[in-house]
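Below: the structure, in structure tokens.
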Amino acid sequence: GPDLGEKFGGRDLAFFGEFDYRIANREKRDDDKSHKYGLGIEYKLNDNSTLSLTVGDETGNDTNVSGTFVIGGLKWSI
């Protein structure tokens, strides 16, 4: 399925959105599909590191697990 995303902002602060739609198998049952979407923010601390925070929701899928999620991250380079 499609995996879409868009990012807006400047050099030090950016906002982004993501959407992902998947079909687990081709039997066309309700539990074969899932989608996940999220909104996030990235903040550049310095030239070598960035903090990120994403909040989103996932529904559907073959395990019937749904719910809101929060993911934080730290990217760095040397």
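At most 12 heavy atoms of other shown residues, nucleotides or ligands fall within 6.0 angstrom of atom NZ in K36.
Considering all non-hydrogen atoms of both residues, Y37 and F69 come closest at O-CZ, 3.8 Å. The shortest non-hydrogen separation linking E42 to F16 is CG-CE2, 3.7 Å.
When the side chains of ILVMFWY residues are joined at heavy-atom separations under 4.5 Å, either directly or via intervening members, L13 and L74 end up in a single hydrophobic cluster. Cluster annotation: L45 is connected to I41 through the hydrophobic network of ILVMFWY side chains, with a link wherever side-chain heavy atoms come within less than 4.5 Å. V55 and F15 fall within the same hydrophobic cluster, defined by Ile, Leu, Val, Met, Phe, Trp and Tyr side-chain heavy atoms under 4.5 Å apart, directly or through other members.
Once rounded to the nearest 0.5 Å, the distance linking CG of L51 with NZ of K44 reads 13.0 Å.
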Using side-chain contact (heavy atoms from CB on, under 4.5 Å), reason through L53 and Y43 one step at a time and then give a plain yes or no. CA-CA 9 Å; L53 180 68; Y43 179 69; over 6 Å; no
